[in-house]
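Please read the structure below before turning to the comments.
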Amino acid sequence: MNKVVMLCAICNVSSGNCAEDCAYCTQSAHVKADITKFKKKELEQILLEAKMARANHALGFCLVTSGRSLDDKKLDFICETAKMLQKETPELMLIACNGSASYESLKELKKAGVFSYNHNLETSREYFPKICSTHTWDERYETNLNAKKAGLELCCGGIYGLGESEADRVSFRSSLRELEPFTSPVNFFIPNPALKIKEPKLSVDEALKILNDTAKALPNTRIMVAGGREVVLGDRQYEILQNGASAIVVGDYLTTSGEVASKDIEALRQRGFEFASKCH
Ligand code: SF4
């Protein structure tokens, strides 16, 4: 077994008030979820979080904004942030996650020092209209093609446990396989009373099977477990590393709390894991 795990931290640069209606997302303005909302995080705060991520052995640092797409204002801010972080925390690999984006904007991100673009397909093309009516799965797919064309490493995955069928899961993974992402994040749906989706959380065995199936479908991709790790897998969460995953998100997620990073680090060390110090 490979005993190296890659850690990635998420920085929520803007949160909530999104006009889209993705049924699994508490940042959608269509639901009244109890989350912290803000337009733009201060650069000083982002830098503080980046330094903390590095101190927690994270190699990846993902700048996430809510909303459908990467408009000019967001693009300027993410580029400015990326340039600052490159100077201040050069060991971090920067990932941007800012919604649908044009080839030209993605090229700007690349120029500013962003390493990878994250835009999830979320689920199968067939199931997507059941969970979102304000934009299409094809728009998401196209952004992924744009990111690759712009020379960014692709980070593309999705979320399980939304009521999708096994056939949807197979179809979703086959689309991911076409895109050949560098990293594929796997999220497990966390039930929330404010959301329309009323599916119970997945069982641990089902979640581990999803990881194994994803790793088999994407043999050249790093599988990263993101949201839902603690809630869905509980005490068995580190079994993900024997079931296809080789990367995890540490610290808080966008709108839900994660494990305290130091707890993860200690638990991983106890199990004999080292932390990746380079991406390739
Ligand atoms: S997933 Fe993204 S686009 Fe969809 S509601 Fe949430 S923030 Fe908006």
Side-chain angles (χ1 to χ4, degrees), residues 8 10-41 46 62-75 77-78 81 95-102 105-106 109 114 116-125 127-144 146-147 154-164 168 172 175-176 181 183-199 224-228 231 249 252-258:
C8 192
I10 293 178
C11 178
N12 207 5
V13 173
S14 72
S15 174
N17 293 319
C18 178
E20 303 302 294
D21 70 350
C22 308
Y24 51 86
C25 181
T26 52
Q27 299 202 63
S28 167
H30 296 255
V31 297
K32 301 271 169 287
D34 183 19
I35 59 161
T36 311
K37 297 171 189 158
F38 52 87
K39 275 213 172 118
K40 201 166 82 178
K41 199 170 262 176
I46 297 174
C62 186
L63 300 164
V64 188
T65 49
S66 66
R68 178 174 183 160
S69 56
L70 179 61
D71 58 24
D72 287 350
K73 256 194 192 165
K74 277 186 207 166
L75 178 63
F77 187 66
I78 298 294
T81 307
I95 303 124
C97 175
N98 315 114
S100 298
S102 67
S105 305
L106 292 162
L109 288 184
V114 170
S116 168
Y117 198 71
N118 170 229
H119 195 50
N120 290 340
L121 293 179
E122 303 302 6
T123 187
S124 71
R125 186 169 194 253
Y127 196 65
F128 193 80
K130 300 227 165 54
I131 57 159
C132 178
S133 71
T134 47
H135 63 269
T136 64
W137 184 93
D138 288 327
E139 182 178 319
R140 287 180 173 263
Y141 193 89
E142 197 187 330
T143 293
N144 278 286
N146 291 342
L154 201 60
C155 176
C156 180
I159 178 164
Y160 288 85
L162 307 178
E164 75 284 353
D168 286 313
F172 166 46
S175 302
L176 288 176
T183 302
S184 188
V186 175
N187 294 275
F188 302 115
F189 176 64
I190 302 174
N192 181 305
L195 297 175
K196 208 168 70 186
I197 297 177
K198 298 298 171 207
E199 293 294 316
M224 169 178 287
V225 178
V231 174
V249 172
D252 289 346
Y253 303 108
L254 295 178
T255 57
T256 55
S257 305

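As a basis for the values below, the full set of heavy atoms in this structure was taken, side chains included, without hydrogen atoms, waters or symmetry mates. If you're wondering where the values come from, they're calculated on a predicted model, not measured in any experiment. Start at 1 and go down the list; that is how both ligands and their atoms are numbered.
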Please determine whether side chain to side chain donor-acceptor pair (under 3.5 Å) holds for the pair D21 and S133, giving the CA-CA distance in whole Å, both sets of side-chain angles, and the decisive distance to 0.1 Å.
CA-CA 7 Å; D21 70 350; S133 71; 2.6 Å; yes

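Looking only at side-chain heavy atoms (C-beta outward), E164 and F172 stay at 4.5 Å or farther from each other. Contact check for Y127 versus W137: no side-chain heavy atoms found under the 4.5 Å cut-off.
Within the protein, the N, O or S atoms sitting under 2.8 Å from atom 8 (Fe) of ligand 1 are C18 SG.
Atom OG of residue S28 and atom NZ of residue K196 lie 9.0 Å apart, to the nearest 0.5 angstrom.
Here the side chain of N118 pairs a donor or acceptor atom with the backbone of C155 at under 3.5 angstrom.
Ion pairing between a basic and an acidic side chain is recognised when a charged N comes within 4.0 Å of a carboxylate O; R68 and E139 show such pairing.
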